[in-house]
Number of protein chains: 2
Amino acid sequence: MQPPRATIKDVARACGVSTQTISRVLNDRVDVSPATREKVLAVIDQMGYLPSAYARGMRQQSSTLGVVLAGLQHKGISTTLKGITLEAQNYGLDLILKELPSFEATNMKPLIQSLMTQQVMGIIYAAPEVGDNWVQVQKSIPPHCPPIVYLKGNPASAPLSISIDNYQGAYLVSNHLIAQGYQNIAHISGPLDWFEARERRRGWSQALRDAGRSVGDNSLQEGSWDTASGHNAFTKLLKGFPEMDAVFVANDQMALAVLSCAWQHGLKVPEQLGVAGFDGISESAYFIPSLTTVKQDFRGLGALAVRKIKQLQEPEMSSSKVGADTTILTPELIIRASTQRSIERA
Amino acid sequence: MQPPRATIKDVARACGVSTQTISRVLNDRVDVSPATREKVLAVIDQMGYLPSAYARGMRQQSSTLGVVLAGLQHKGISTTLKGITLEAQNYGLDLILKELPSFEATNMKPLIQSLMTQQVMGIIYAAPEVGDNWVQVQKSIPPHCPPIVYLKGNPASAPLSISIDNYQGAYLVSNHLIAQGYQNIAHISGPLDWFEARERRRGWSQALRDAGRSVGDNSLQEGSWDTASGHNAFTKLLKGFPEMDAVFVANDQMALAVLSCAWQHGLKVPEQLGVAGFDGISESAYFIPSLTTVKQDFRGLGALAVRKIKQLQEPEMSSSKVGADTTILTPELIIRASTQRSIERA
DNA sequence: CGCGCTCGATCTGAAACACGA
DNA sequence: CTCGTGTTTCAGATCGAGCGC
């Protein structure tokens with residue numbers, strides 16, 4: 001077999017100095033003579049020595065971040081994670097990832113505990129707020145828990161959170177549909193036990209009411225975010241709300257199914273039916289026709305979360321213990337062909 | 001401030017036993033009397049004690065997995081990661097994630113070293129094989145490196161690898177286009193410094209040749225996997241290969257752009273133009289028209305990788321040190337409306 | 001620059017105890 | 001009463017690095 005991995009002692013012996021000197025070189029201290037330092041570095045390189053994070057972690061603050069998320073198959077989640085990984089690497093932080101097996105999973109105590117066992121310096125919680133799982137999370141937080149930054153939930157429910165103004169985005173896009181002259185605007189929502197889904201619905205209904213329109217029960221259908229569910233929901237709307245001439249869909253993936261279904265029924269978009277989505281995934285520019293949507297900066301969201309945790313480590317911050325630190329990002333309306341009946345399609 | 005976290009000593013003191021007994025309870029040993037065990041568990045729960053993974057890691061084999069990947073924004077990659085996370089949690093493994101900032105990044109030595117510093121038991125390398133970065137990876141592997149399982153690369157280049165038979169998938173779908181009676185079949189490839197892109201192109205050209213067709217330079221355009229690049233590539237094909245009546249696109253996202261562009265030019269799919277993709281992302285069933293594609297089991301790929309590393313830990317395996325352990329998964333052809341000109345579109 | 005101690009857990013060897021022969 | 005046998009427990013050394021002196 002191969003020899004066990006070299007330790008700091010092996011290096012020390014090979015250099016003819018004490019382990020302390022090696023340690024100093026590793027940590028870039030000044031009190032080592034240039035000659036010794038060079039010699040040590042050479043030996044380290046030659047032996048392929050790497051310090052043990054475990055041993056080191058016993059004496060120092062860890063530089064590991066925990067991330068809890070759910071639904072990696074959704075583009076918004078995976079893009080957020082990309083933002084997190086890149087920013088964490090910028091700051092030299094390691095990252096331990098946990099994924100909830102399903103959105104309904106409420107018992108995350110073991111996940112949080114496992115992260116605490118790893119001595120993480122902070123936790124980014126990017127799983128959606130569904131039903132009462134927020135309560136479950138709160139109950140799962142053990143004493144001595146590192147700071148947790150919550151993404152994409154109800155900003156009111158957590159002390160440290162970053163979210164996107166779903167209400168505002170939905171209001172903007174609904175208003176745009178009204179301005180384009182559409183009369184009967186339906187909504188396909190996300191699962192209504194999701195906070196984000198409820199906010200988007202609220203933006204839609206408020207925009208209609210502010211424009212003096214009535215909001216009937218038959219103009220709303222609930223989806224599950226999945227493309228397939230968009231198909232079902234739209235089919236029901238066609239039956240139950242035949243006067244519909246526009247629909248605001250709670251995410252782009254379901255909007256894709258609406259476009260597909262409308263095409264199969266020979267409905268012309270945007271002439272006979274206006275369609276708008278939410279999320280602003282890059283593919284939406286290539287839907288047929290290109291999709292009007294509300295763009296969220298998922299990547300920026302992830303990066304911001306990392307920076308927030310990093311800030312909490314600064315000594316001056318930890319003392320001031322900001323009671324509530326809530327950031328709300330504003331989404332951006334992107335107008336494309338699927339809602340512009342006045343002009344030629346691009 | 002709050003008191004520091006409880007250690008095993010605190011628990012021992014509170015129970016009036018030695019730390020050794022606590023340790024035994026934590027590790028589910030048999031040699032603890034039921035009374036003592038219960039008492040200890042109660043105190044642990046009451047104090048909110050959690051063992052430190054660092055201290056533990058100094059004496060035992062770690063149960064942490066390292067994952068290196070690139071391109072989380074691509075659906076295939078994020079789905080693979082989902083497979084990895086869920087399977088790892090099945091086995092009680094922790095997971096440290098590293099993402100290459102770009103596909104071109106070749107200097108991954110620091111990433112691998114950082115993982116080794118964390119004493120990972122194995123590494124899953126799911127970044128694509130691009131250009132000569134394979135050579136770079138090899139050079140970056142320090143001595144005493146834990147086993148590395150490579151996903152999606154050239155199976156020949158790594159001892160431990162899992163990949164999907166891109167050649168076979170491409171051959172199947174190209175053959176299908178031929179069988180449907182399409183005469184002039186173009187290809188939009190991925191970036192040709194990617195192994196996978198070259199394999200798919202090879203499958204396409206071989207299928208054409210086997211059918212007695214010639215393969216001209218003007219029937220091939222290179223994309224970058226991104227939807228936008230599909231648009232460019234297709235525009236060039238329209239100009240340079242006007243007799244084209246079908247196109248095999250190297251991934252679904254670029255195929256979306258082809259459908260979009262064809263629609264803008266008034267080209268009817270599948271009647272005037274057959275279109276097929278690769279990957280089998282769930283949205284492709286809702287493209288207009290629904291897309292024929294080659295489905296890869298990304299999730300299964302990730303799960304398999306975890307199991308493979310797990311296997312290597314079994315003592316009987318490590319001794320037999322299998323020289324080359326290569327798994328090649330077979331992709332599945334999914335025939336949808338975009339290539340079926342004989343029948344009505346669904 | 002180095003010695004010796006420390007971090008928090010695990011491992012080793014052996015002690016303390018109960019039991020029946 | 002002593003001796004083995006087996007169970008339960010403990011004190012002390014130990015892992016690899018960092019820190020004070």
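First the proteins, then the strands, lettered A, B, ... as listed; each starts at 1.
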Undergrad: Separation of Asp28(B) atom CG from dA9(C) atom P, in whole Å?
TA: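 Taking CG of Asp28(B) and P of dA9(C), I get 16 Å after rounding.
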Undergrad: Quick check: any donor-acceptor pair below 3.5 Å linking the side-chain of Arg24(B) to the base of dT8(D)?
TA: no
Undergrad: Given that Val32(B) and Ala55(A) both sit by DNA chain D, which one's nearest nucleotide is further toward the 5' end?
TA: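 Counting from the 5' end, the first nearest nucleotide belongs to Val32(B).
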Undergrad: Quick one: is Tyr49(A) getting a side-chain N or O under 4.0 Å of the dA17(D) phosphate, OP1 or OP2?
TA: yes
Undergrad: Please pick, from dA17(D), dC10(D), dC15(D), the nucleotide with the shortest atom-to-atom distance to any side-chain atom of Pro51(A).
TA: dA17(D)
Undergrad: If the cut-off is 4.0 Å, is Arg56(A) near the phosphate of dG18(D), judged by side-chain N/O to OP1 or OP2?
TA: yes
Undergrad: Check Asp10(B) with Arg5(B), please: is the shortest side-chain N to carboxylate O separation under 4.0 Å?
TA: no
Undergrad: What is the distance from CZ of Arg37(B) to C1' of dT7(D), rounded to the nearest Å?
TA: 14 Å
Undergrad: For Leu50(A) and dG16(D), give me the distance from atom CG to atom C1', rounded to whole Å.
TA: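 Going from CG in Leu50(A) over to C1' in dG16(D) covers 13 Å.
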Undergrad: Rounded to whole angstroms, how far apart are NZ on Lys9(A) and P on dC3(C)?
TA: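 So the two atoms are 13 Å apart, to the nearest Å.
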Undergrad: Consider the side chain of Ser23(A), meaning its heavy atoms from C-beta on, and name the nucleotide among dG18(D), dG2(C), dC7(C) that approaches it most closely.
TA: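 That would be dG18(D).
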Undergrad: Mark yes or no for a side-chain to base donor-acceptor pair under 3.5 Å between Gln20(A) and dC19(D), with no hydrogen or angle criteria applied.
TA: yes
Undergrad: What is the distance from CE of Met58(B) to C1' of dA9(C), rounded to the nearest Å?
TA: 9 Å
Undergrad: For Arg307(A), does the CZ atom sit with more than 12 other heavy atoms under 6.0 Å from it, leaving out its own atoms?
TA: yes
Undergrad: Output yes when a side-chain donor or acceptor of Ser114(B) lies under 3.5 Å from a complementary backbone atom of Pro110(B), and no otherwise.
TA: no
Undergrad: How would you list, by chain and number, every residue that makes a salt bridge (charged side-chain N to carboxylate O under 4.0 Å, His left out) with Arg59(B), sequence neighbours excluded?
TA: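 With neighbours one apart ignored, the set is empty.
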Undergrad: Does OP1 or OP2 of dG2(C) have a side-chain N or O of Ser18(A) closer than 4.0 Å?
TA: yes
Undergrad: Hey, is the side chain of Thr7(B) poking within less than 4.0 Å of OP1 or OP2 on dG8(C), counting only N and O atoms?
TA: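 Checking Thr7(B) against dG8(C): no side-chain N or O falls below 4.0 Å of OP1 or OP2.
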Undergrad: To the nearest Å, how far apart are Arg13(B) CZ and dT9(D) P?
TA: 19 Å
Undergrad: Look at Thr19(A) and dA17(D) and indicate whether a side-chain polar atom (N or O) is within less than 4.0 Å of OP1 or OP2.
TA: no
Undergrad: Does a nitrogen or oxygen in the side chain of Arg29(A) sit under 4.0 Å from OP1 or OP2 of dC19(D)?
TA: yes
Undergrad: Once you round it to whole Å, what is the distance between C1' of dC7(C) and CD of Gln60(A)?
TA: 11 Å
Undergrad: Take Leu304(A) and Leu329(A) through the side chain to side chain contact (heavy atoms under 4.5 Å, CB included) test and state the conclusion after the steps.
TA: CA-CA 10 Å; Leu304(A) 189 56; Leu329(A) 305 177; 4.1 Å; yes
Undergrad: Name the pairing partner of dC1(D), where a pair is Watson-Crick or G-U wobble with both distances under 3.5 Å, or state none.
TA: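 In the structure as shown, dC1(D) has no Watson-Crick or wobble partner.
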Undergrad: Between atom CD1 in Ile22(B) and atom C1' in dT8(D), what is the gap in whole Å?
TA: 14 Å
Undergrad: State which of dG16(D), dT9(D), dT14(D) makes the closest approach to the side chain of Ser52(A).
TA: dG16(D)
Undergrad: Evaluate the side-chain proximity of Lys308(A) to Asp325(A): yes if any heavy-atom separation is below 4.5 Å, no if none is.
TA: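 Answer yes - side chains close enough.
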